[in-house]
Each structure stands twice: as C-alpha cells, then as structure tokens.
Amino acid sequence: MSDAKPDKTDRYDPTAIEKKWQDRWAADDLYRTAPADERPKYYILDFYPYPSGEGLSVGHCRNYVPTDVIARHYRMKGYNVLHPMGWDAFGLPAENAAIKLKTNPAVLIRRFADNYKRQMNLIGASYDWSREINSSSPEYYHWTQWIFQRLYGSWYDTRADKARPIAELEAELAEHGTSRLRLALSDQQVSAEEWNAASPLERQNTLKRFRLAYRGEATVNWDPVDKTVLANEEVLPDGTAWRSGALVERKTLKQWFFRISAYSERLDRDLDTVDWPSRIVAMQRNWIGRSQGAEVIFVRAQQSQGDEPQAAHRPATAAPQPDDKIIVYTTRPDTLWGATFMVLSPEHPLVASVTSAAQREAVAAYVAEAKVKGAVVVPVEDKEKTGVFTGGYALNPVNGARIPIWVADYVLMGYGTGAIMAVPAHDERDFAFALKFGLPIIPVIARSDDAARSLLSPGTYDPALPDALRAAGYAFSDEGGALTVTLAGAQAQAYADLVRPHLTEGWTEVVGSGWLAIFPDAVIAFDSAAADEQISSRIRTALKIDALPSFMAYLATVPAYQDLIYHSEYSSPINSGPINGLPGEEAISRTIAYLEERGQGQGRLNYKMRDWLISRQRYWGTPIPIIHTEDGLELTLPEAELPLTLPDVESYEPTATGESPLSLIDGWVNVALPDGRTGRRETDTMGTFACSSWYYMRFADPKNPGQLATPEELDYWLPVDMYVGGAEHAVMHLLYARFWTKVLYDLGVVPFFEPFQRLRNQGLILAPAREVDGQIVIEKMSKSKGNVITPDEVVAKHGADALRGYECFISDFEAAVPWNTDGVPGVRRWLDRVWRIVLNPGDEAGQSGEFSERQLRRVTHQTIMRVEHDIAEFKFNTVISALMEFTNAMYKARDGGMAGTPAWAEATEALVLLIAPVAPHMAEELWARTGRGYSVHQQPWPAADPALAAEDEVEVVLQVNGKVRDKLTVPVGASEDQLRALAMESDRVRSHIGEKSIRKVIVVPGKLVNVVVG
RNA sequence: GCCGGAGUGGCGGAACGGCAGACGCUGCGGUCUUAAAAACCGCUGGGGGCAACCCCGUACGGGUUCGAGUCCCGUCUUCGGCACCA
C-alpha cells in the first residue's frame, strides 16, 4: 500500500493501522464467502446473539475471537469457510426494551445490532456480513412459519421411526383406525368405524394427538410479570421465572406445542454421533430421561361390603379406556409380586371413579388441596408424604392380591401413566409412604450381599443360648443381654432351628436376607401378605397393643435393623413365583414376556421429556400461521400467503388477560374465508427458540426468497462443523435445533440429521478479582455492579490484536476465569517484540550467542506444528505461548547472528503468517511493510516439514530409584545399550548407587535411564 | 439424593505414565538514563546448606508401576445440571 511506506523507525501503533486495514478489508469484501464450490468447506458458527442495548463486553469476545481465529486459519488452509453472524431479534428482552424506551422494537433491534456489528468489526472479526440475518424480519420468519406448517402437517410413525405427512395417517385411520400404530397400552385407540363416523371437529381432536405441532389444553407456567406463558425449562427450580424472576403461577390455557417427545429415542441415540462436551451430552440425556420398563394392567377389584363404588358417570362418547383397568408404568416389573398397593396422581382421570362413597369427601378435599399446592415448588427433601385412601381396590395381576388404591401427590400425572404400583420394600418413596400410612411391605428382591441380622432381647431366651450360638459358630455381640447376631441369609433356617428351643418368651427374627419370624412355638417365613398378617398378629398379642399395621412397621422401630430393612438393588427375586432366583436383568425381561403372553402388560420405553410449549402471549414473535373458524376448526394459511406479517401496533403492552396484544387488533385478527365464513387468526406468537432452531441453515443461502435455502447450498455447507457458545443453552436451544433438524430430515428438506458436528462451550469471563474487607471477591460482570469491561476501552488502550491475543491466552477455553487487567499489556509487550524483530532485527542487537540456521529452522517448523495442533484442539492459550516462545527464540537467533540468513527470512515469514489468525491487523501491516503485498489473509498456511522439526540431540534423564540424578545430551538415535553404558559412567549416578546392588536398569530410548538399586 | 466437571506456585495456567511449574502476570534485584517511562538482563514453590548439593511438594488416604499431577479404589472440597421421573 502506498500509505504504508516502510518506515524502520515506526513503533507499533495499533490505532494507526487497525482502522486502516478494517476499512480496506470491508471495501474489498475480503471475507465474503463464495457459494458452494469444489473446495472442502468449513462452517464455523457462533451462537447468534440477542443484541442487547448494553453492547458487548470482553466476556462476549471470549466466544467471537477464538472462532475468528479458526475461521482465518481454515481460510489459509484452503477451505471455503462459512463464518456468518446474525441476530436473535424476537423475544421478550427486545419487546420489554421497546416498551420501556417507547420505540418500535424493529427500530431498536436494528440500532442494537448495528452497535454489536461495530464492536465485532472493532475487534477484527471476519464475518461475511453479506449473509447477516435477523430472525424478526419477514424474509426470515417466512420460513419459521413454513417449518411450523410442516410440523403441523406431519405425524410421527413409530413403525417407520420417522415423521410422515398427516394425510397418510388420515388414510390409515379410515382403513384400520389406530389398531396398527403400535400405541402404548395407555394410549386411547380409535377404530376405523369411529374415525369414519366422526365429525370434522372430532377428527381434528384425534389428529391433534399425532401432529408434530398441535394446540392442546395445558396447565402451564404463567409469568405474572412478563404476562406470558413459559416453557418448563424457563422456570427455575425455586419456582421463579428465569428472566423476570417472578414467582410462576399455574394456569390452564390452550397452548401450541411441538411434539418433541416423539423424537425422544432418536434425540438420545444420535448423541452418540456428535463430538460435543460430555457434560452437554449428559445434560441432554438426563433431560430426555430415557427409561426402560413396562406398562402393567391392574384390574379393579369388587368393592367390599358397604364400600359401594360411585356410579361412574360417563359421557355418551365412551372413553375407550375402560374404567375397570388401571395401567401403571414401572421400570421394575421384576418387583411386581411385591406391589402391595397402588397410587394414583391427584390429577388422574380415574380418581373419581375408583373412589368409594365413604371416601369421596376426603379424596375430593385432597385433590383440591393438591391442585393449589401444585403452584408452589417445595424442595423435595422437605416434603412429608401425603395421601388419601380412595376406598377402591385393584388386583395384582400376577398373584391376585387385592390391593388398596391411594391418591397421593408424590405420583406425577406428567410422567408414565400417572399411576404407579407401589413396591414399598424396594422403592424409597413407596417405603416412606407405606410406613407412614401403615401399608404392608413384603420383600421380593434378595440382597446381593446376603447380609442378615437377628436381635435377641434380654429375657427372651434361656441362659444356654449364648454358648449354643458360640458352639455353632455365629458371631454376635452382647450388650447387657441384648444379643445382636450377624449371619448370612443362607443360615437363616438353621439359625431358627437352633434358637427357637431357647426362646422363653417373645420372639426374634432374621432380618435382611432369609427373612424369618421366630416364635417359641413356630418359625414363620416372611414371604407374603398372609404371613405378614400372621406375624403382626402374634406381635400385637405379645406386645399387648392394638395397632401394628405390619411386621415391617415393627422392624422399622428397631435401630439394629435400620440398614437392612430396605434396599433398591437389582438382584434375584424371592417370593415371586415363576421368576424366583433369576438374575436381576433376566427377571425383568422374563416378567415382561410373562405379562405380554397373558395380555396383562407390555414392555415400554419411557421418557421424562415433555412436549415443547411454543405459545407466547406477546407481540414480538413469529406469528403462528393458523386461522380458527367459528366452528372451532383450525386452518393453516396457504403457503402462498406466507409470510404472515406482524401488524404495526401502537402499544406493545401485554394484556392482563393472558392474551397477546395481537388479539386487540381487529383488522388483523378477523379474516374473511373464501367460503364466506369468518375466522380469527391465532394470536399467540412463537417463542424465540423456534427462530433459533433453524437459523444455521439459513446462513447457507440467506437471501433466498423462494426456499428455506437451496438443496445444493444446504448439502454443501451443513452440518455446522464447529458450533461455539455458552453452556447455558445446553438443553433448550440445542435440543430444539436437533429436533427440527430431524423433522426436516424425515420430510426430505435437509440431508443431515444432526445440525452441529462439533460443539464447544466457552468459559465465562468474570470481573477482575478485587479485595473487600480482606476477602477476595470474584463476581460476574454486570451493568448493575458497574464492573463491565468493554472491548472498546481495551482496544482504545492496547489495540484489537492485543485484546484478541489476551482473549486466547487468558485461560483454557472452557474454564471460567476472572479478567486480569494486567494481562492485556503482557500480550501487548509480546506484539511489540514481534513488531521489532520482524522490522528491525538489526537494532538493539545485544549479546552474542550461539544459534545455527539449522536450529532456527527447527524452531520454526516445530512452532508451525504446535500452532496447528493446538488450534485443532481448541487450546488457544498454548497457541499464544508457542508463538511467544518462537518470538523469544528469534531474539536469541538474532543475537546469534542469524538475521539476514535464509533461515531468518523463513522464520520471519512464518511468524507473520502464524500470527495472522490471532493478530490480523499487525500481520497485515507487517506483511505489507516487508514488501509482500496484499493480503496476508489470502496466503497459504505455512507447511511444517517434520524432518526439519525433528531434533538431532535429546536430553536424557538419568535416574536412580526414580529420582533424577543427572542429565545427558545424546544423539536422537542412541541405542539402549549406549544409554545404559553412558548412565553407568556418570559420576553422579555412581555416587547414588554407592554400595547398593543394581537390581534392574530401565532404559527408555530418547527419554531416560532408571537404575533400580536396593 | 442422582449425574457430570474441577482441585498444580502470590495469580492465569503448562506438562504422549518419564526432568512438575512451559508461557505470561505480579514481585525483587540489576543495566541504560540527569531522572522517569520504555526496553533489556537476572531471580521469583517450600525447607536445609558457605557451597557442591540434599530433602519435601500437584486437595487428602491407600493401591498399581522401575517410575504417578497423569491410571485404579476410597474420602474431602468446589462448580454446573437434575431432582418424589416409579
């Protein structure tokens, strides 16, 4: 460049060069990405931000700098690189800011985004701004709406394991009903006759159960401050909203959902195919909550005398799930023989019909109270179990036991079937509930450790017993005549035979394994409800008490037994008929097979993940392209009418009623349909996670007016090779985006099923540590604390390249770390040194030293390899230290007289090329000043020659008993024998061996010799 | 409670099972200067020794190994997520 006349006396002055090059790059469109071509591609993407009015802090740059380093690196490596940026522009923060500033949100977002863009350019980010997108522009949300319609028009076929057009389901329903769909037992079936006879509204209600986008009634999280509904993920564990902090209320409203639950299995399974942080994978798996188990059918038992069931009043359109069956979900079908009662969630539809007349009031009161309490989130550990007996009974399908049906709020309607079989001996919650309400507890799974214990109280046995026990080899302790005997379950019977004759009064028992109750006149195995009653009855008599609900209720009062009365292991069943003695896993599979044969249940996969609630009762979001007719039918907008644009409004204020402000705009809401009817537009808008679920696709072809993107560009650019952003989106955004990708994959829109091949999370940058009252305080940067450091101030003082360097150098990329204001000057000093050694190697030439051209070339090529490797590994901090070491080495080489040699020229050029991704402005300036033209960013990445990088001598460590005693420099190829001999010649090694004898000599060629003596 | 990370100098952090503390910051000493800044040079984990050197040291306790910051078992601390999910 003409204005960059080489001037050897210039000092490095970032302000003089950074703006100049940024303008030139922009004018030249240097970072414009070419469409798909024959080059290999690399798609590196930052999470697109919501542009807030506060602008970027140095913390945000932690994300944007490393991705920019990678983009620049890959360009130099010859890749066609896509490195775009856009704006997550819809949503509450923008809308709330608009309300507060009384400015149109579109105008506000443009202003904020322009500021972000200015700051990104300030730090030298190389985005292709021709591909900038904004999720709130009609050109963008056109396709958000288009995808919504694809979801609305599709259903998930579990047989094909993919989404299919809803018309194909309608055809199947007309012919076979739901009979071939492989529904869960608890899913309602529809016959072909019913379908064919159904009204349009009834059909709509049936299809709603299958569509991937559907409107359903739901108890939702209502945020009274933002006056909108929130997704479950947006409610914090303490029951407050993640954005507004308000205490969330429960409301029942008609809401739009996406049926992400249909994709649970694939969303779980396909996590195996991506390179993501294990923490994120674990969080997603945990959120999906896959479990394997079975649905089991319990048939209701006849009520006992005086407990007449409430007449079940059913609507004329019979519910196809007969009231006489209650279906539960369990992950432990192997414990079915131990199910001693059932529990229904208070919201379970059968609660009313199983409740007896006598219990009706109590149950109604409990259900009403549970409804109120449901709004308040109470930490689980503080929660005492509550519940009410319904008066109804069911039959245990495998042993015919008549078991009581309870209602309790520890059973959640939203998981499984909302009803459980309670196995108190092997489920912690059921155990606590059974003890509290006096329900029977029968062990049905053996202890894998076979541990058992027996307590003999003073005065219950004759004096000969201790000696008899000793003689038989039983270990026991004696505390004032109370004997605690430790034994194995297998010894239980022999033990009973030994002890019983010595019992004079009362009783004892074997607890844990081998369960027995031992009375002076009888030994009773604790193996059934009948045995439980027999034992309890004897204890009641012995203790002269009326109330003892169960044997276990007594055992729970004995401290010596506490660790043995309950366990939840997978192990061999006992007291369980046909599955007794099977190994744990087999017991489960055999039980499922047994149930399926007898039509009493079937295996089922179950997931914790709920459907994705997308409705927001707000203005600033993507309109949902649906019209409701006056007779309650839903119509989708014809594709030609998309995008359905937001109307201009004067007030963005949410209504107090829970309806979107759109509902107040009659001219927009009311539509005349072609057939003369009138309709009302859907007034809910979509939450912003809809927009962000596909934006990475749009970057491939961001201006396309006729398609989401052309198949060619999608096929070439996607999936994203490297996706970088904060871990706070671990579940929501990343899961939703994966879901949409899979739907579009099933429908043939995109050719990939995982959107983000590699994912990395940058660590948080915290405010600089400060001292308050002698305590070191480290906190997040926040405007309210006034501790935000902006890139603007750092660039003004030290330049963008120093900021970029420090962002890379500050720490491991994924670690949270406080900003250190002394760190940037340190990087700046290094850049100064680079500047001087490249431009003025002759100056300040100081000390003489030894340095060969061979050595210089070696360091050069080693550095190329290190930088390349560390960029690939996302280790930007060691990229910088490698470059610093290289710079230091060049100073030594300069002192050794290397300046001006061919090796020097090679080293200088490599240095400038290697710093180009990190310090693009300085690299460009140095490239120009050393007469190499424009642009350094279009040069090929230097190629490392492993032969030149190889050492010809290595330092070998000499150890005696693992401690370093001497070091030797030897040729790389030195053999084991040579090394051993050299080690033995070392005086220092010899003196440490001394008089001791040598037992062994370990030689690791190129590394060390370890002489083991002793 | 369950799941997943992380514990290394004054600080940020390096380290294929093979010299712990690279690189940088801070601090101390020095050179240059009338002086300061900048730059440059040296030192900077703890203890002992005049020194050559020696001992200890990667949260804690064990183990495997010729050799462990690194692998295994257990404990503690801490961060993040989930949490009555049957």
Would you mind classifying the nucleic acid contact of A:Val1011 as base, sugar-phosphate or nothing, using non-hydrogen atoms under 4.0 angstrom? nothing
Closest to the A:Arg836 side chain, choosing from B:rA39, B:rG4, B:rC84: B:rA39
Can you find a side-chain donor-acceptor pair between A:Gln292 and A:Arg604 that sits under 3.5 Å? no
Looking at A:Tyr891, does the NZ or CZ of A:Arg833 lie under 6.0 angstrom from its six-membered ring centre and within 45 degrees of the ring axis? yes
Indicate, with a heavy-atom threshold strictly under 4.0 Å, whether A:Gly823 touches base, sugar-phosphate, or nothing. nothing
In whole angstroms, how far is the P atom of B:rA38 from the CG atom of A:Asp13? 17 Å
Rounded to whole Å, CD of A:Gln284 lies from C1' of B:rG4 at a distance of 14 Å
B:rU64 and B:rA68, which share atom name C1', separated by this distance in whole Å: 10 Å
What is the distance, rounded to the nearest whole Å, between atom CE of A:Met421 and atom C1' of B:rA86? 8 Å
Report which part of the nucleic acid A:Asp430 touches: base, sugar-phosphate, or nothing (heavy-atom distance under 4.0 Å, all strands). nothing
Complement of B:rA6, any strand, by Watson-Crick or G-U distances under 3.5 angstrom: B:rU77
Stacked cation flag A:Arg894 on A:Phe851, 6.0 angstrom / 45 deg: no
By nearest nucleotide on RNA chain B, pick out whichever of A:Ala282 and A:Glu885 is the more 5' one. A:Ala282
Ignoring hydrogens and angles, answer whether the base of B:rC19 and the side-chain atoms of A:Gln959 contain a donor-acceptor pair closer than 3.5 Å. no
How about A:Ile420 and A:Thr330: do any of their side-chain heavy atoms sit closer than 4.5 Å? no
C1' spacing across the pair B:rA14 / B:rG69, given as an integer number of angstrom: 12 Å
Would you mind classifying the nucleic acid contact of A:Arg965 as base, sugar-phosphate or nothing, using non-hydrogen atoms under 4.0 angstrom? sugar-phosphate
Taking atom P in both B:rU75 and B:rG4, what distance in whole Å separates the two? 15 Å
I'd like to know if A:Asn1010 reaches the base of B:rC66 with its side chain, counting only an N/O donor and acceptor under 3.5 Å. yes
In the structure I gave you, are the side-chain heavy atoms of A:Leu344 and A:Ile326 within less than 4.5 Å of one another anywhere? yes
I'd like the C1' distance from B:rC71 over to B:rG18, given in whole Å. 14 Å
What form does the base of B:rG63 take, syn (within 90° of 0) or anti? anti
Distance under 6.0 Å and angle within 45° of ring axis: A:Lys385 vs A:Phe433: no
Just compare B:rC19, B:rA39, B:rG13 and give me whichever is closest to any side-chain atom of A:Ala815. B:rG13
Between B:rC54, B:rG12, B:rA86, spot the one nearest the side chain of A:Thr330, thanks. B:rA86
Figure out the NZ/P separation between A:Lys875 and B:rA22, and round it to whole Å. 16 Å
Would the distance check show the side chain of A:Asp334 and the main-chain N or O of A:Glu585 forming a donor-acceptor pair, the cut-off being under 3.5 Å? no
Ring-face cation contact, A:Tyr12 with A:Arg836, 6.0 Å cut, 45° max: no
Taking only the side-chain heavy atoms of A:Arg11 (C-beta and beyond), determine which of B:rA38, B:rG24, B:rA86 contains the nearest atom. B:rA38
Gap in Å between the two P atoms, one belonging to B:rA52 and one to B:rC60, rounded: 30 Å
Name the nucleic acid region contacted by A:Ile810, choosing base, sugar-phosphate or nothing; use a 4.0 angstrom heavy-atom cut-off, strictly under. sugar-phosphate
Here's a test of your reading of the structure: between A:Arg332 and A:Tyr806, which maps to the more 5' nucleotide of RNA chain B? A:Tyr806
So, is A:Arg279 near the phosphate of B:rC79, with a side-chain N or O under 4.0 Å from OP1 or OP2? no
A:Tyr329 side chain N/O closer than 4.0 Å to the phosphate oxygens (OP1, OP2) of B:rA86? no
Of the candidates B:rG13, B:rA86, B:rC25, the side chain of A:Asp427 sits closest to B:rA86
With the side chain of A:Asn888 defined as its heavy atoms from C-beta on, choose the nearest nucleotide among B:rC84, B:rG24, B:rA86. B:rG24
Short side-chain N/O contact from A:Lys963 to OP1 or OP2 of B:rC56, under 4.0 Å: yes
Is any side-chain nitrogen or oxygen of A:Arg833 closer than 4.0 Å to OP1 or OP2 of B:rG24? no
Is there, by distance only and without an angle test, a donor paired with an acceptor across the side chain of A:Lys967 and the base of B:rC19 below 3.5 Å? yes
Taking OP1 and OP2 of B:rA14, is either one under 4.0 Å from a side-chain nitrogen or oxygen of A:Thr878? no
Would you indicate which nucleotide in B:rG4, B:rA22, B:rG18 comes nearest to any side-chain atom of A:Ser278? B:rG4
For nucleotides B:rC72 and B:rG17, find the distance between their C1' atoms and express it as a whole number of Å. 13 Å
When all nucleic acid strands are considered with a 4.0 Å heavy-atom cut-off, which category describes A:Val964: base, sugar-phosphate, or nothing? sugar-phosphate
When rounded to the nearest Å, what value does the distance between P atoms of B:rA83 and B:rC3 take? 16 Å
Where the side chain of A:Thr340 meets the backbone of A:Pro440, is there a donor-acceptor pair that is under 3.5 Å apart? yes
Could you verify whether a donor N or O on one side chain and an acceptor N or O on the other, from A:Tyr410 and A:Thr386, lie under 3.5 Å apart? no
In whole Å, I'd like the distance from the CD1 atom of A:Ile288 to the C1' atom of B:rC3. 14 Å
For A:Glu814, report the nucleic acid contact type (base, sugar-phosphate, nothing); a contact means any heavy atom under 4.0 Å. nothing
Which nucleotide, B:rU26, B:rA20, B:rC82, lies nearest any side-chain atom of A:Asn286? B:rC82
In this structure, how many angstroms lie between the C1' atom of B:rC23 and the CZ atom of A:Arg828, rounded? 20 Å
I need the CG-P distance between A:Leu439 and B:rA86, as an integer number of Å. 21 Å
Picking from B:rA14, B:rC19, B:rA86, which would you name as closest to the side chain of A:Ser291? B:rA86
Rounded interatomic separation in angstrom, taking CG from A:Asp895 and C1' from B:rA39: 14 Å
Please classify the nucleic acid contact of A:Val957 as base, sugar-phosphate, or nothing, using heavy-atom distances under 4.0 Å. base
For B:rG24, give the paired nucleotide (Watson-Crick: N1-N3 plus N6-O4 or O6-N4; G-U: N1-O2 and O6-N3; both under 3.5 Å), or none. B:rC11
Looking only at B:rA86, B:rC54, B:rA14, the nucleotide nearest the A:His992 side chain is B:rC54
With sugar-phosphate meaning primed atoms plus P, OP1 and OP2, does A:Arg829 contact a base, only sugar-phosphate, or nothing at under 4.0 Å between heavy atoms? sugar-phosphate
Does A:Lys608 contact B:rC82 through a side-chain donor or acceptor facing the base, at a distance under 3.5 Å? no
Please give the distance between the C1' atoms of B:rG46 and B:rG61 as a whole number of Å. 22 Å
With both distances kept under 3.5 Å, what pairs with B:rU31, Watson-Crick or G-U wobble? B:rA39
